[in-house]
Protein chains: 2
Amino acid sequence: MKRASVSDVSKRAGVSTATVSRVLNSPERVSAPTRERVLEAIQELNFVKSATAFSFKSQATKNILVAVNNVGNIFYSEIFEGLQRRANAHGYNIIIKSPDLEAGNDPIIEALRTGSVDGVITLDDYFPPPDDYALLREIYQGTPPIVGFAERPDYLPYPHVWIDNRAAARAMTKHMIDRGHTHIGHLPGPPGSAATAERKAGFMEAMSEAGLKVDPEDIYEGGFHRDVGRRVARRLARRQTMPTAVFCANDETAMGFISEMSTLGIAVPDDISVGGFDNNAFADVYVPALTTIAQPRGEIGVSAMDLLHDVMRDPTANRNKVVELKYRLASRLSVARLRPTPSKKKLKESAAAEKG
Amino acid sequence: MKRASVSDVSKRAGVSTATVSRVLNSPERVSAPTRERVLEAIQELNFVKSATAFSFKSQATKNILVAVNNVGNIFYSEIFEGLQRRANAHGYNIIIKSPDLEAGNDPIIEALRTGSVDGVITLDDYFPPPDDYALLREIYQGTPPIVGFAERPDYLPYPHVWIDNRAAARAMTKHMIDRGHTHIGHLPGPPGSAATAERKAGFMEAMSEAGLKVDPEDIYEGGFHRDVGRRVARRLARRQTMPTAVFCANDETAMGFISEMSTLGIAVPDDISVGGFDNNAFADVYVPALTTIAQPRGEIGVSAMDLLHDVMRDPTANRNKVVELKYRLASRLSVARLRPTPSKKKLKESAAAEKG
DNA sequence: GTCTAGCGTGTAATCGGTTTCATGCCTAGC
DNA sequence: GCTAGGCATGAAACCGATTACACGCTAGAC
């Protein structure tokens, strides 16, 4: 039992394939009796248009590539959700792909070259070889159907959606300063990333605006990973004077930091305050509930898909379109008002007292 | 500047399209000089095979549909990662989709009917209309190229990957019993889900094997959501005698529970032990680190994709294939050995003492 | 009564590859 | 010297839909 084709339907209904196609695409151009016969035949044969044949003929796949560095990063989950929902609304499918590091291939280049997708959304700093992209631009006469979130390479300034990382970092830092903290540490994220640079700049600006000095020792470069937070926690715990607050440029890092501090017997926020960035899926059920910058991830997905849709419909008009989305400071428990801190020694004593 | 076609290449090289196709697919059948000329022409014109034309001709899209109820659920992240990696290896793309509840359409039916994908992987209890599936089975002569994780509807018993939820739940319960707990509560998850039923059964089995009675009051049906955990926490805190341990059939629920308990001044694991299920992305950096059942999510993705690949290559031979993956009990801090619990009153006293 | 406009429908080309079949040439075997 | 077989290549069909163009018929205008 094979799928029925237009030709099968046309035979069954005693008409030409052209008429069947008209019934499907502009039924008002077909006389009522003929239309009826064709529709019956379609029913009887259980006919559905072949997606591949349609793509071939129309030169449009209805597929959108979503390229990310690591599909498994939970940061994307909600973005995927927004993308998917919106793609459905526009009649697209989303194909999600990460670069295969061993093979060294670039999914974006490949997909656009083979024409297996109509457009591309890239969600992070995705920096493959410029020369291939130069070629792409040539092919697409300056406007490949690409849309991004946040950072873009200079050689391919595609339309994009972003949030103001610098302002957000400034807001978090100010939040800490407002609560009495003057000695604040910062974990800015992986070197080389634009997000890192922006967030760090925001931190520095807020500190300098408040007339506070930043000891280079209090900046801990690293990556957006729990192990970075853990490592920094161990290092901090050994120092003579700890900062009273630490701003991690990523919730996962913050959680790694807090959890390690907890096993070292240092409590958040009683002994040290911690702020994060992302408002990841578990920031609100963390103990303590994490004060963080909420990125509107669902909306990022929705906006990116809508933007791409615009770009695909009118590439030149939307060539330079940029959509800024609002961040939000989610103030919860992990950043507390500064109180005279009990020394570590005192803490141990009280713990001992409780046991005894 | 448009993409070059086989025909363009053939003209440039002064050969027929058949020869170009041979160079691409079975180069050994073309004489060296001709082959050279064709390859040159391909280079010069920057020729790449059209994906749509190929799909059309070969009747294979190289696309795999991954159907889930909610793309945004972070539980899938790592599974997606495994699926993606393996799909790449087999030369497939993955299209990720959730049903559009308003439109009431079923992505699986639609995708298979239009032929826009070659196969389907479904990751949770995905129970759309049986009659449509009956039709699908007819079309595919009994073996639609579908593979699932865990639960399947009776009317479409596709090959699948699973973990033994019942045994895993039994293991967690036994772990609590081994640590001295006899009064254990259980949050089994959303009613109607097979996972819920299995995990609950495992819990009951372990309790009865240990000769322990389960008060129906200690079973809290709900869903895999933080709010369920929170609600149960509030309810428990009001009871005269709390269980000394609670087994939540999902980490998110466990975290909601723990975080609410924490704001109520009840500490985990000092006052009550909590076990989870999933080993989600943050279970290890939670405070306290969460004791849970680790599902091998990456491996689930890998196995499902490999299984689908087998099914697509030989549907009849793999019609009933089932792959069982191993769970693991991750014993961390949230389940502690039972100690004589301080009453809530005592706790408040000691807190007051600390302040004073 | 003739001419024309327009409606409904069919014929055939088209998209870009792959594949079957045919053809011409060369070589080896007798 | 003739033939069989094999190799390199080309011509054309094909996958399933859409669409430009052609055609015939009817109705309305003069």
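Each chain gets a letter, A, B and so on, in the order its sequence line appears, and its residues count up from 1. As the structure is a computational prediction, the values presented were derived from the model and not from experiment.
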If you look at every heavy atom in B/Pro296 and B/Ile163, which pair is closest and at what distance?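 In terms of heavy atoms, the two residues are closest at CD-CG2, 4.2 Å.
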Whole-Å distance between D/dG16 P and B/Arg113 CZ?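 Going from B/Arg113 (CZ) to D/dG16 (P), I get 17 Å.
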For the pair A/Asp118 and A/Lys62, find out whether any cationic side-chain nitrogen is under 4.0 Å from an anionic carboxylate oxygen.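 Answer for the salt bridge query: no.
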Side chains of [X] and [Y]: does their closest heavy-atom pair fall under 4.5 Å?
{"X": "A/Thr52", "Y": "A/Ser55", "answer": "no"}
{"X": "B/Ile146", "Y": "B/Ile108", "answer": "yes"}
{"X": "A/Asp306", "Y": "A/Arg86", "answer": "yes"}
{"X": "A/Gln84", "Y": "B/Ser98", "answer": "yes"}
{"X": "B/Asp106", "Y": "B/Asp132", "answer": "no"}
{"X": "A/Ser10", "Y": "A/Val20", "answer": "yes"}
{"X": "A/Ile95", "Y": "A/Val66", "answer": "no"}

Sugar-phosphate atoms are those with a prime plus P, OP1 and OP2; base atoms are the rest. Using that split, label each nucleotide of nucleotides 13-19 of chain C B, S or - for protein heavy atoms under 4.0 Å, 5' to 3'. -BBBBBB
Contact residues, residues 27-39 of chain B to DNA chain C [heavy atom, < 4.0 Å]: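 When residues 27-39 of chain B is checked for heavy atoms under 4.0 Å from DNA chain C, there are no hits whatsoever.
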Report yes or no: does B/Arg3 contribute a side-chain atom to a donor-acceptor pair with the main-chain N or O of B/Val48 at less than 3.5 Å?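 Between the backbone of B/Val48 and the side chain of B/Arg3 there is a qualifying donor-acceptor contact (under 3.5 Å).
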Under 3.5 Å, side chain of B/Thr61 to main-chain N/O of B/Asn63, donor-acceptor pair present?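 Checking the backbone N and O of B/Asn63 against the side chain of B/Thr61, a donor-acceptor pair under 3.5 Å is found.
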Under the ring pair (Phe, Tyr, Trp, His ring centres under 6.0 Å) definition, can you give me all pairs with a residue in residues 54-76 of chain B, not counting sequence neighbours?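 Matches after skipping sequence neighbours: A/Phe56-B/Phe56, B/Tyr76-B/Phe80.
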What ring pair (Phe, Tyr, Trp, His ring centres under 6.0 Å) pairs are there with at least one residue in residues 27-53 of chain B, not counting sequence neighbours?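 Listed by first then second residue: nothing to list.
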Report the end-to-end axis angle of the helix from C/dG1-D/dC30 to C/dC30-D/dG1; each axis comes from five terminal pairs, and the value is rounded to 10°.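 Answer rounded to 10°: the end axes differ by 60°.
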Mind checking if B/Gly14 touches a base, just sugar-phosphate, or nothing, with heavy atoms under 4.0 Å?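 If one applies the 4.0 Å heavy-atom cut-off, B/Gly14 turns out to touch the sugar-phosphate alone, with no base involved.
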Output one line per pair: protein atom, nucleotide atom from nucleotides 22-24 of chain C, and distance, for all N/O pairs under 3.5 Å.
none

